[in-house]
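What follows is a set of notes on a single structure, which appears directly below.
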Amino acid sequence: MSKLSGITPSGHVHLGNHLGAVRRWAAEGGADDLYFVADLHGMTTSHNPAKLRSLAGEQLAVLIAAGIDPERVFVQSDLARDLGALTWVLECTCNYGEAARMIQFKEKSKGQAGVRLSLLTYPVLMAADILLQGANEVPVGEDQRQHVELARTLAKRFNGTYGDVFTVPEAVLPPAGARVKDLTDPTRKMSKSTHDVAGVVFVLDEPDQIRRKIRRAVTDGGSVPVHAPDTRPGMANLLEILAACQGGSPADLAAEFSSYGQVKDAVADAVIEQLRPIRERASTLLGDVAELDRVRKAGAARAAERGSHRLSAALRMIGAS
């Protein structure tokens, strides 16, 4: 059994990404699991090429610094030729209606004067990501489940029409991770792409930056810390972050403090220590361009080798070679 997970470089990796997914990948990933930086998916809307390239390298360094085996990490665009060929094969297998009914396409294209065709077709690219690597399971949230269902549909249709080539993947909901909210607006998730970074703790933030952001976090009314997500979402968010970093339940942790200031200090200390080794390792990698490039090429070569026979078989069976 193998899993495939990706992260899009739409912004810097933040605390929610780390607590909710990245550290689980590092702790639980099997020898056949792969993790990739989905930079091609970052091109479906207007973007800055230089920034996208920089963020892709940064995310690769962060994944490795978090403890994921370098051989199990790659950057999507390093397989662009193989993915491009397989995406075309799958587009020739997919119906327009299947792509157009994707919920994310409807939401992101709504009210837009000019919508890139890639926004419509990127679920087919996502299917190519999955099917090229022969992944059995794809851990996704509910917002991406529909895309994995499309990959299943295309795999079955291709196999039934031309011959068995692709593993039919399963969408799996990962174990519930920390749901980290924005520190200045705890009604929304912490996001890589937000324009207001005051409420977002990034993995590569310096300790002083982290402490400053947490001290300014919204904490609602009241003076005694309690874990009450419905009525005091700001304080609940801080307690949940603390629990994710050091263990224990948010409600039990709340009882250990007599003031909001104490909670903020404890959260800042825990987050700084949680992220310190990752920031230090990632900074070292980013400072050694040759080493990061070597690691990147090795990961890409392994991913390309793993998928090459599937691409060759798919092209042969569909009549392209």
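Atoms considered below: every heavy atom in the structure, side chains included; atoms not considered: hydrogens, waters and symmetry mates. None of these values were measured; they are calculated from a predicted model. When a residue number appears, it is its place in the shown sequence, counting from 1.
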(message) Any side-chain to backbone donor/acceptor pair from His18 onto Val203? Under 3.5 Å, distance only.
(response) no
(message) Is the shortest side-chain heavy-atom distance between Val115 and Leu120 below 4.5 Å?
(response) no
(message) Less than 4.5 Å apart, side chain to side chain, heavy atoms only: is that true for Leu83 and Asp129?
(response) yes
(request) Give the cluster check for Val22 versus Val295: same hydrophobic cluster or not, with ILVMFWY residues linked at side-chain heavy-atom distances below 4.5 Å. (result) yes
(message) A side-chain contact here means heavy atoms from C-beta on lying under 4.5 Å apart; do Lys3 and Glu28 qualify?
(response) no
(message) If the test is side-chain contact (heavy atoms from CB on, under 4.5 Å), which one of Val200, Val180, Val197, Thr194 qualifies with His14?
(response) Val200
Please set out all donor-acceptor pairs under 3.5 angstrom arising from side-chain atoms of residues 63-72, sequence neighbours excluded.
| residue | atom | partner | partner atom | Å |
| --- | --- | --- | --- | --- |
| Asp69 | OD1 | Glu71 | N | 2.9 |
| Arg72 | NH1 | Gly30 | O | 3.4 |

(request) Kindly state each residue pair satisfying salt bridge (charged side-chain N to carboxylate O under 4.0 Å, His left out) with at least one member in residues 242-270, sequence neighbours excluded. (result) Arg211-Asp269, Arg215-Asp265
(request) Evaluate the side-chain proximity of Leu79 to Gln133: yes if any heavy-atom separation is below 4.5 Å, no if none is. (result) yes
(request) Please examine the side chains of Gln146 and Met102, heavy atoms only from C-beta on, and report whether any two atoms are closer than 4.5 Å. (result) yes
(message) Under a 3.5 Å cutoff, is there a donor and acceptor pairing between the side chains of Glu58 and Ser54?
(response) no
(request) Please round to the nearest 0.5 Å and tell me the distance separating atom CG of Asp33 and atom CH2 of Trp25. (result) 11.0 Å
(message) Looking at Gln262 and Ser258, would you say the former's side chain and the latter's main chain have a donor-acceptor pair under 3.5 Å?
(response) yes
(message) Do Asp185 and Thr187 pair up side chain to side chain, a donor and an acceptor below 3.5 Å, judged on atom types alone?
(response) yes
(request) Could you pull out the closest heavy-atom pair between Gly57 and Leu286, with the gap in Å? (result) O-CD2, 3.9 Å
(request) Report yes if some heavy atom in the side chain of Leu131 is under 4.5 Å from a heavy atom in the side chain of Phe158; otherwise report no. (result) no
(message) As an exercise, state the distance from OG1 of Thr121 to CH2 of Trp88, rounded to the nearest 0.5 Å.
(response) 10.5 Å
(request) Kindly write out the residues that satisfy salt bridge (Lys or Arg N to Asp or Glu O under 4.0 Å) with Lys213, not counting sequence neighbours, or none if the list is empty. (result) Asp205
(request) Give every residue pair that meets the ring-ring contact (aromatic ring centres under 6.0 Å, His included) criterion with at least one member in residues 44-84, sequence neighbours excluded. (result) Phe36-Phe74
(request) Scan residues 295-306 for pairs that pass salt bridge (charged side-chain N to carboxylate O under 4.0 Å, His left out), counting only residues two or more places apart or in two chains. (result) Asp78-Arg296, Asp293-Lys297
(message) side-chain contact (heavy atoms from CB on, under 4.5 Å) for Asn237 and Asp182? Distances and angles first, verdict last.
(response) CA-CA 8 Å; Asn237 186 39; Asp182 189 286; over 6 Å; no
(message) Under the side-chain hydrogen bond (donor to acceptor under 3.5 Å, both in side chains) definition, can you give me all pairs with a residue in residues 156-166, not counting sequence neighbours?
(response) Glu98-Arg157
(request) Indicate whether any N or O donor in one side chain lies under 3.5 Å from an N or O acceptor in the other, for Ser10 and Thr8. (result) no
